[in-house]
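Since the model is a prediction, treat every value here as computed from it, not as a measurement.
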Amino acid sequence: MPDSFKKIFLVLLLFPLWGISQQSVLDSLQQELASHSAKDSVRVSLLIKTAGEMTYSNPKEAFPLVDEAIAISSETDWIKGESYALRQKGNLHYVMGDDLAALDVYQKAQHLAQSIGDRSLEASLLSNIGNIFADLKQYDRALENYEAYLTSAQTLGNVPDEIKALSNIAIIYNDTKKYEEGVANLEKALKLSKQEENDLFVAAITNNLALAYKKLEDYPKALLYYQEAADLAHQIGNKYIEASALNSIGMVNIILKNYDLAALNGRKALDLSQEIEAVEWQADSWKVLSEVYEHEGEMAEALHAYKEHVRLQDSVLSEEKKSELTRKEMQFKMERQQAKAEEEIKRQHLVKNGYLAGAILLALISIASYFLYKRRRDALEKRKVVEFNAKVAETELKALRSQMNPHFIFNSLNSISDFISRNDIKQADEYLVKFSKLTRAILENSEKKWITLEEDLELMELYMQLEAIRLENHLEYSITVDEDIEPDNTLVPPMILQPFIENSIWHGIAPKGNTGKIDIQIKKKGDMLLCVVEDNGIGRATASMDTKEKSSLGVKITTNRIEIINHIKNTEGSIDLIDKKEGLRVEINLPLELQF
């Protein structure tokens, strides 16, 4: 995406490798391997080179090669060969997306490189380890490795490595919104790249410099650097950088209301991104064109462009969500492993102290026993905390998976298409505006633990307005907030009412066939906030088994969220489902949390 520093830079730096690994080179190496069966350093080198050529084309088949290289090196006590084979194995794990396995192998290789004083190998491993910590968003540890990588590159006089180190350091600063420091490092890297006459590095770094200036809202300078990056990328034939830069030029011109220039660059970027089949850049190009068409009043073209943007972005976002989920799971595993290691160290320390105390003076056995019991009790308490943190992480993962409802997006776009086909452009435009606001609000709130009651109710009202349009106004609703509650100062977990409102509409009112009503009431109940969602639908008694199972899933996830809040806040929040003669009443009790 245009507003992502690291992703663009790493892809562009790795891209030349795809062209280097030619099939003829691989065939030649495989023939040499077949003719050299002796278990010596020559075979180890051939195995590592062959695995390297297969890294991006067939990484799974490369693992047996590096494992054989490691085995031969270990048997012959060739530490250098073993360390280089381990680094290549780490590269395979990294490309396959197994960052934890890659980190483990890289650290073993680093230990061996230090033991033989191979500073060049050690420097490359510092860079690789830094990349993994950056992916895990452990920015301090990433920066520590990148700075060590920079020092090593400067000591060895390796200018290309110095450029990479400066660029990666800049990316960390930019990702943490320290744009001035990021710009300073990028400018150093750019100067060195020009001295080295490395046009690919110059184009990639210039593109990231433009993005940094865009973040700083220095739009003239951002446009200048984007244009330089696009022109240079065009000269060297790198269509990935060129498409990215052209999209960004379009975005900045939209901000500056230069819609003609935005359209021109958006169309150029779309042609390029379609040619190289870059889905991310295509999605961004359609977004630029959608905003241009909307400004020009061409609503049908704007809708078509927006649908293309959503369709393509959906696949990109799904991959990003998968990456985010993988990152959270890996981070959780690392924290759990670290907690277990600390527990084991403490346990061993306790045992040692116990033996020492018993050997020194038997008379202190009772005191030592109490000491051990107390420490064991503390360890059990800490283990409970670790288990609870695991539950928090798992619940966050579930919430992340369920933030966006693909069926809702699909139905909404179909509704817009239906309005267009009936020449109801005004209704389609109204629906599209509401749908865009709702989607943006959900994405913006997906990482927040608390938002104001006013924001959440506005989001719920917008959601019900959309559903009412989709149901052809067979839905009525009301929202009542007690006078002693300040909506703009009262905090609630985001989307806490949405599952129950959705259940009321889909499983209570929609099957009813005629107009239904939803009443939302917010009341103060002591030190708790009572939220009521009440409908006049068909009720749970007549609902189908499939409906009950879908409804219970939403209730279960929300119940887990409230249990975690109860644990953190030491409160007694709850969810009560009350069957009525006609419909269902849901009462959600939350701790009364104020912003100020």
**Message:** Check this for me: does any side-chain nitrogen of one of D104 and K108 sit under 4.0 Å from a carboxylate oxygen of the other?
**Reply:** yes
**Prompt:** Are K178 and E181 within salt-bridge range, i.e. N to O under 4.0 Å?
**Reply:** no
Go through the side-chain N and O atoms of [X] and [Y] and say whether any donor and acceptor fall under 3.5 Å apart.
X    : Y    : result
D231 : Q227 : yes
D161 : Y149 : yes
N253 : Y219 : no
Q110 : E122 : no

Nearest 0.5 Å, please: how far is [atom2] in [Y] from [atom1] in [X]?
X    : Y    : atom1 : atom2 : result
L47  : I70  : CG    : CD1   : 10.5 Å
L261 : L223 : CG    : CG    : 8.5 Å
S73  : W78  : OG    : CH2   : 6.0 Å

**Main-chain N/O of Y240 paired to S244 side chain as donor or acceptor, under 3.5 Å** = no
**Request:** Say whether, by atom type as modelled, one donor and one acceptor occur between the side chain of S290 and the main chain of W286 under 3.5 angstrom.
**Result:** no
**Request:** For residues Y213 and Y225, establish whether the separation of their ring centroids is below 6.0 Å.
**Result:**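 Between Y225 and Y213, which both carry aromatic rings, the centre distance is below 6.0 Å.
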Can you list, pair by pair, the side-chain donor-acceptor contacts under 3.5 Å of residues 79-89, counting residues two or more places apart and other chains?
unit_1	atom_1	unit_2	atom_2	d
S83	OG	I79	O	3.2
S83	OG	K80	O	2.7
Y84	OH	D118	OD2	3.1
R87	NH1	S124	OG	2.9
Q88	NE2	T55	OG1	2.9
K89	NZ	D67	OD1	2.9

**Message:** Would Y94 and Y106 count as a side chain to side chain contact (heavy atoms under 4.5 Å, CB included) here? Give the steps.
**Reply:** CA-CA 10 Å; Y94 187 74; Y106 282 148; 4.1 Å; yes
**Prompt:** Looking at residues at least two apart in the chain, or sitting in another chain, which of them share a salt bridge (Lys or Arg N to Asp or Glu O under 4.0 Å) with K239?
**Reply:**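 Only E275 meet the salt bridge (Lys or Arg N to Asp or Glu O under 4.0 Å) criterion with K239.
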Enumerate donor-acceptor pairs with a distance under 3.5 Å from any side-chain N or O in residues 197-204 to protein atoms, sequence neighbours excluded.
unit_1	atom_1	unit_2	atom_2	d
N198	OD1	L200	N	3.3
N198	OD1	F201	N	3.1

**Message:** For H36, I'd like to know if atom NE2 has over 12 heavy atoms of other residues, nucleotides or ligands within 6.0 Å.
**Reply:** yes
**Item:** More than 12 heavy atoms from other groups under 6.0 Å of CD on E277
**Value:**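 No - once you tally the heavy atoms of other residues, nucleotides and ligands closer than 6.0 Å, there are 12 at most.
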**side-chain contact (heavy atoms from CB on, under 4.5 Å) partner of V66, chosen from V44, T50, L92** =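 Checked V44, T50, L92 against V66; only one passes side-chain contact (heavy atoms from CB on, under 4.5 Å): L92.
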